[in-house]
Amino acid sequence: QYPQAAAGYRAVLQADPANIAALLGLERVYPALNRLDSLIPPIRAALARDPANGSVHALELRTWLALGKSDSMAAAARRWIALAPRSAEPYREWAFDLAERGDLAAAKRVLTEGAARVGDDAVVQDLAQVAARSGQWTEASRRWLQVVRGNPALLPTAAATQGDAAADA
């Protein structure tokens, strides 16, 4: 059924190249067909139609990551940043993908760059999470304190994350 599903999604994209539901469908179907690289042309078409679409940019980063093409992922992230220089979203998505790959140091570098360009408040929660995942509990605590001061409703999240420090000790 995967070939039929892929054909259906491609048909939708013929009529509407920026249809995110069809793109996400291909993201699920193409790996089963061992054709994930076939997702790049529809992503490019979607971005040509709607260059500011953050969902499509995030899909592009995930696709390059899944293909093991970190240079292409970085180039795509840089293009997105150039299109949205005041947005934290490109930095956050890029860092999330790097962290998922296990490259926490690179994720931290991306978020630190994002903080310098768009403001620390935009990425501080992400920096706290990366620090915690890296076992850097002092830095994570400092970052979570900053997060909670700005948004007290996140105290339970901060406490849960920092609770992991005791388990690691």
Side-chain angles (χ1 to χ4, degrees), residues 9 12-13 16-31 36-37 39-134 136 139-158 160-161:
Y9 291 130
V12 170
L13 291 169
D16 180 8
N19 185 300
I20 192 67
L23 288 165
L24 294 174
L26 286 177
E27 181 186 28
R28 288 187 305 274
V29 169
Y30 275 160
L36 187 58
D37 59 331
L39 188 53
I40 297 302
I43 289 171
R44 288 187 176 145
L47 289 173
R49 170 72 67 89
D50 186 3
N53 190 319
S55 295
V56 179
H57 283 286
L59 172 61
E60 182 180 25
L61 297 185
R62 288 193 308 272
T63 302
W64 287 124
L65 175 69
L67 291 169
K69 307 241 181 200
S70 57
D71 288 346
S72 295
M73 183 174 76
R78 294 283 175 211
R79 285 191 302 274
W80 187 9
I81 290 166
L83 287 169
R86 302 304 318 149
S87 174
E89 189 178 1
Y91 298 101
R92 296 178 77 217
E93 289 289 339
W94 186 12
F96 177 82
D97 290 341
L98 290 167
E100 286 301 300
R101 186 178 72 194
D103 194 347
L104 298 174
K108 182 179 179 180
R109 281 192 303 274
V110 166
L111 290 168
T112 301
E113 177 185 333
R117 293 206 177 157
V118 300
D120 197 44
D121 289 345
V123 295
V124 68
Q125 184 175 346
D126 303 281
L127 282 164
Q129 291 171 340
V130 167
R133 284 181 69 176
S134 301
Q136 298 171 343
E139 180 180 351
S141 296
R142 185 176 54 79
R143 298 283 187 182
W144 275 117
L145 181 60
Q146 186 179 350
V147 169
V148 170
R149 282 184 178 148
N151 186 350
L154 289 173
L155 181 59
T157 303
T161 302

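Remember, predicted model here, so these are calculated numbers, not experimental data. The figures here come from the full heavy-atom set of this structure, side chains too, leaving out hydrogens, waters and symmetry mates. Along the sequence shown, the residues carry numbers beginning at 1.
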A.B. asks: Considering only heavy atoms from C-beta outward, does the side chain of Val130 approach that of Leu111 to under 4.5 Å?
C.D. replies: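 Sidechains of Leu111 and Val130: in contact.
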A.B. asks: Go through the steps to decide whether Leu26 and Leu13 satisfy the test side-chain contact (heavy atoms from CB on, under 4.5 Å), and finish with yes or no.
C.D. replies: CA-CA 10 Å; Leu26 286 177; Leu13 291 169; 3.4 Å; yes
A.B. asks: What I'd like to find out is whether the side chain of Glu100 reaches to under 4.5 Å of the side chain of Phe96, using heavy atoms alone.
C.D. replies: yes
A.B. asks: Salt bridge between Arg143 and Glu139, side-chain N to carboxylate O under 4.0 Å?
C.D. replies: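 A salt bridge links Arg143 with Glu139.
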A.B. asks: After noting the C-alpha distance and the side-chain angles of Trp144 and Thr157, does the key distance pass the side-chain contact (heavy atoms from CB on, under 4.5 Å) rule?
C.D. replies: CA-CA 9 Å; Trp144 275 117; Thr157 303; 3.7 Å; yes
A.B. asks: Indicate the atoms forming the closest heavy-atom contact of Ala122 with Ala88, along with that distance.
C.D. replies: CB-CB, 3.6 Å
A.B. asks: Flag the pair Glu93 / His57 as yes when at least one side-chain heavy-atom distance between them is below 4.5 Å, and no otherwise.
C.D. replies: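 No - every pair of side-chain heavy atoms lies 4.5 Å or more apart.
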A.B. asks: Which heavy atom of Ala132 sits nearest a heavy atom of Ala140, and at what distance?
C.D. replies: N-CB, 3.6 Å
A.B. asks: Can you find a pair of side-chain heavy atoms, one from Trp94 and one from Ile81, that are under 4.5 Å apart?
C.D. replies: yes
A.B. asks: Looking only at heavy atoms, what is the nearest atom pair of Ala46 and Pro17, with distance?
C.D. replies: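 For Ala46 and Pro17, the tightest heavy-atom pair comes out as CB-O, 3.2 Å.
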A.B. asks: Using every non-hydrogen atom in the two residues, find where Asp121 and Gln146 come nearest and quote the distance to one decimal.
C.D. replies: OD1-NE2, 3.5 Å
A.B. asks: Roughly how far apart are Leu24 CG and Leu59 CG, rounded to 0.5 Å?
C.D. replies: 6.0 Å
A.B. asks: side-chain contact (heavy atoms from CB on, under 4.5 Å) for Leu47 and Arg79? Distances and angles first, verdict last.
C.D. replies: CA-CA 11 Å; Leu47 289 173; Arg79 285 191 302 274; over 6 Å; no
A.B. asks: If you define the side chain from C-beta out and look only at heavy atoms, does anything of Glu60 sit under 4.5 Å from Trp80?
C.D. replies: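 A side-chain contact is absent here, since even the closest heavy-atom pair is not under 4.5 Å.
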A.B. asks: I need the minimum non-hydrogen distance between Val118 and Pro85, along with the two atoms involved.
C.D. replies: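 Closest approach of Val118 to Pro85: CG1-O, 3.4 Å.
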A.B. asks: Is a side-chain donor or acceptor of Arg133 paired with a backbone partner of Leu104 at a separation under 3.5 angstrom?
C.D. replies: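 It does not hold such a pair.
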A.B. asks: Within a radius of less than 6.0 Å around CZ of Arg92, do more than 12 heavy atoms belonging to other residues, nucleotides or ligands occur?
C.D. replies: no
A.B. asks: What's the spacing between Leu83 CG and Asn53 CG if we round to 0.5 Å?
C.D. replies: 11.5 Å
A.B. asks: Measure the CG-CZ distance between Leu23 and Arg28 for me, rounded to the nearest 0.5 Å.
C.D. replies: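 With rounding to 0.5 Å, CG (Leu23) is 11.0 Å from CZ (Arg28).
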A.B. asks: Check Asp37 against Pro41 and note the closest heavy-atom contact, atom names and distance.
C.D. replies: O-CD, 3.8 Å
A.B. asks: What side-chain donor-acceptor pairs closer than 3.5 Å can you find for residues 67-76, not counting sequence neighbours?
C.D. replies:
none

A.B. asks: From Glu89 CD over to Ser55 OG, what is the distance, rounded to the nearest 0.5 angstrom?
C.D. replies: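 Taking CD in Glu89 and OG in Ser55, the distance rounds to 7.0 Å.
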A.B. asks: Do Val110 and Val123 make a side-chain contact, defined as non-hydrogen atoms from C-beta onward lying under 4.5 Å apart?
C.D. replies: no
A.B. asks: Run the numbers on Ile43 and Thr63 for side-chain contact (heavy atoms from CB on, under 4.5 Å), then give the verdict.
C.D. replies: CA-CA 9 Å; Ile43 289 171; Thr63 302; 3.6 Å; yes
A.B. asks: Please examine the side chains of Arg44 and Ile40, heavy atoms only from C-beta on, and report whether any two atoms are closer than 4.5 Å.
C.D. replies: yes
